[in-house]
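No hydrogens, no waters, no symmetry mates; every other heavy atom, side chains included, goes into these values. All chains are named by letter (A, B, ...) in the order of the sequence lines, taking the proteins before the strands, and each is independently numbered beginning at 1.
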Amino acid sequence: MEEKQNLNFLEEIIEEGLREGTYKSILTRFPPEPNGYLHIGHAKSICLNFGLAKKYGGKTNLRFDDTNPVKEDTEYVDSIQQDIRWLGFEWAGVHYASDYFEQLYEWAVMLIKKGLAYVDDQTQEEIRAGRGTVTEPGKNSPYRDRTVEENLDLFERMRNGEFEDGSKVLRAKIDMAHPNMQFRDPIMYRILHAEHHRTGNKWCIYPMYDYAHGQSDSIEHITHSICTLEFDIHRPLYDWFIAQLSIWPSHQYEFARLNINYTVMSKRKLLQLVKEHYVSGWDDPRMPTICGFRRRGYTAESIRNFCEDIGVAKRDNIIDYVRLENSLRDHLNQVAPRRMAVLDPVRVVIDNYPEEQEEWLDAVNNPENPADGTRKVPFSRELYIEREDFMEVAPKKYFRLSLGREVRLRYAYFVTAQSVEKDAEGNITCIRCTYDPATRGGDAPDGRKVKGTLHWVSAKHAIDAEVRLFDRLFAVESPDDVEEGKTFLDNLNPDSLRVVTAKCEPSLAEARMGVDDKGIPEPARYQFERMGYFCTDPDSTPEHLVFNRSCTLKDSWAKIK
RNA sequence: UGUCCAUUGGUGUAAUGGUAGCACAUCUGACUCUGGAUCAGCCAGUCUAGGUUCGAGUCCUGGAUGGACAACCA
């Protein structure tokens, strides 16, 4: 009884090719331009390219699409490699489009000889005007019919640096009236006297994407060049260059890019957030970058699961941000040790608890994984509980502490609130309670039940920690939808970061950043019971602990409220 | 008003001419020393008009809606 498997459209294509013997194994590639940090959208592409290859016993190349020296930098090539490794993938080979510049040049010469490319002296504006519009055909360049000899001579001199930036380009000679704009004599090379991060000053002409990408795929014998939908209209041109050059036929397939609500995914906008200091950097925990999620406390596994979970197709999609959080919660629920920390403390005094007494009680590290064992937490007469866990007069559905009501302090005792003390402004400064000594450990021998269980820390033993409470970076679902005169920046959430000083159980003093098996910094992750998942921030030191809130717990009380 | 792509519950994603399914969200209930987790259940869908066919979400034609393309960006 074979289980019926549902394949996505890419798997269908791969299996069909395998079945028909079009190829024996597959080779994919992940082709980032090193002009920014990778974001969660790239994670989808990475999981797809590497995941597909893995599933079908193939391999994946990492190839930097570095054909525009003015925007690219080695800072980005380093971060990109780190992020891919952190996600848990390893490439078969690392390549650079710039490795192929010489070959690409030779092929361009070949196309000139075949009468399929020419040097155009028009200005940028003239070229644009000559291209026509989506509904009107373009006009031929006056330089379109230069002889092969003249084109060869001019192109070589372009390479030799005889001309200024922008004075000439090499264009493919196709059809200025073609209904697909991509075919209206696309530019193959432009002159750019700029230093390239790898080739230095060797070149002053650089190939355009359309002329470089497909040929790079072909050189590497990529079987499946998987890219996002906006390149769909480029595919005929991709095929055209390969056909005219008679080179190894790579094929391009397109899928719908990932969109998530309450966030932006364009590199340009992310760069702007960084450059204009709306966030602290590319790895700000509110950023949708891979390094941002990493610092936020996301695990690589949770991101991989997320990408698997959302699937892949060709239709535009907007994924609910909660899907991402759910992936994280799923994973962390299984692996994160539980601790108690009070983020907004209010003092509690147990009047009938002996003044000098303290007890170290057993607390379970992770109820989902008994093997994680237990730890001791100190209890004493004065405690802190969460301010929102007490109401003087409470509605019926409120299960927490209120005057005259009994609740459980987790792993400790049942307590009943008796009275409150307030300051001049009427803020509660202290809640006076009594406890039942018979309920030690959290169970009543007489079998009586209690509706609520609260987390707490002993005031005398508590340690302070800075806790950064993150919320979504944007206040609206579609930050890019803006009215006239506004930008996505107007949609930033002013409350996306709140910093508090929390009271933590003493065992948290040991919380330290670590490194993973690839040497990449890895935070210590915890569940602060009832409050959410938290992790150490790189800013954290033994003297000054800093925790980031990765995400909250699901909170059904918040809905009732 | 050109070319290309897409359209299945609120959101994603399957069904490959033969019973429209799954996940997330929502809502109910059970259980619980985290209002967490877990378990059970409910609600809810083929853009539209024709055509082909014994039979259409699927194939064909028209329409509607959304998206991509007019960078010397990728």
Open item on the list: Counting neighbours of NZ on A:K269 that are heavy atoms of other residues, nucleotides or ligands and sit closer than 6.0 Å, is the number greater than 12?
Closed with: yes
- [ ] Tell me whether the OP1 or OP2 atom of B:A74 has a side-chain N or O from A:T67 closer than 4.0 Å.
- [x] yes
- [ ] Give a yes or no on whether the ring-centroid distance for A:F101 and A:Y206 is below 6.0 angstrom.
- [x] yes
Task: Polar pair under 3.5 Å, donor/acceptor by atom type, side chain A:Q527, base B:U34 - done: yes
Task: Who pairs with B:C47 - Watson-Crick or G-U, where each distance is under 3.5 Å - done: B:G63
Task: Under 3.5 Å on both distances, the Watson-Crick or G-U partner of B:C73 - done: none
Task: A:D65 side-chain proximity, nearest of B:A71, B:G12, B:A74 - done: B:A74
- [ ] With P as the reference atom in both, quote the distance from B:C47 to B:G10 in angstrom, rounded to an integer.
- [x] 12 Å
Task: d(CG, A:N8; C1', B:A14) in whole Å - done: 11 Å
Open item on the list: If you only use heavy atoms from C-beta on, which nucleotide in B:U13, B:A70, B:A74 is closest to the side chain of A:R131?
Closed with: B:A70
TODO: Specify whether A:F474 and A:F488 have parallel, tilted or perpendicular ring planes, treating 30° as the upper limit for parallel and 60° as the lower limit for perpendicular.
DONE: tilted
Task: P spacing across the pair B:G35 / B:A44, given as an integer number of angstrom - done: 33 Å
Task: Side chain of A:K554 (C-beta onward), nearest among B:G36, B:U13, B:A74 - done: B:G36
TODO: Could you work out which one of B:G12, B:C73, B:C5 sits closest to the side chain of A:I319?
DONE: B:G12
Task: Distance in angstrom units between A:I174 CD1 and B:U3 C1', rounded - done: 15 Å
Task: Among B:C73, B:C4, B:G36, the one nearest A:N68 by side-chain distance - done: B:C73
TODO: Please determine, for B:C54, whether a Watson-Crick or G-U wobble partner exists with both distances under 3.5 Å, and give it or none.
DONE: B:G18
Task: Qualifying residue, where the test is side-chain hydrogen bond (donor to acceptor under 3.5 Å, both in side chains) with A:D120 and the options are A:R146, A:R144, A:R171 - done: A:R171
TODO: Using the six-membered ring for Trp and the full ring for Phe, Tyr or His, decide whether A:W557 stacks on the six-membered base ring of B:G35 (centres under 5.5 Å, planes under 30°).
DONE: yes
Open item on the list: Counting only Watson-Crick pairs (N1-N3 plus N6-O4 or O6-N4) and G-U wobbles (N1-O2, O6-N3), all under 3.5 Å, who is the partner of B:A68?
Closed with: B:U3
Task: Base B:G36 to side chain A:R329, donor-acceptor N/O within 3.5 Å cut-off - done: no
Task: Protein-nucleotide distance (A:Y253, atom OH; B:A68, atom C1'), rounded to Å - done: 20 Å
TODO: Give a yes/no verdict on a cation-pi contact between A:K314 and A:F255, requiring under 6.0 Å between NZ or CZ and the six-membered ring centre and an angle within 45° of the axis.
DONE: no
Open item on the list: Taking atom types as they are modelled, would you say the side chain of A:H234 forms a donor-acceptor pair with the base of B:A74 within the 3.5 Å cutoff?
Closed with: yes
Open item on the list: Measuring to OP1 and OP2 of B:C73, would you say a side-chain N or O of A:R190 lies under 4.0 angstrom away?
Closed with: yes
- [ ] Return yes if the base of B:U8 and the side-chain atoms of A:R315 contain a donor-acceptor N/O pair under 3.5 Å, otherwise no.
- [x] yes
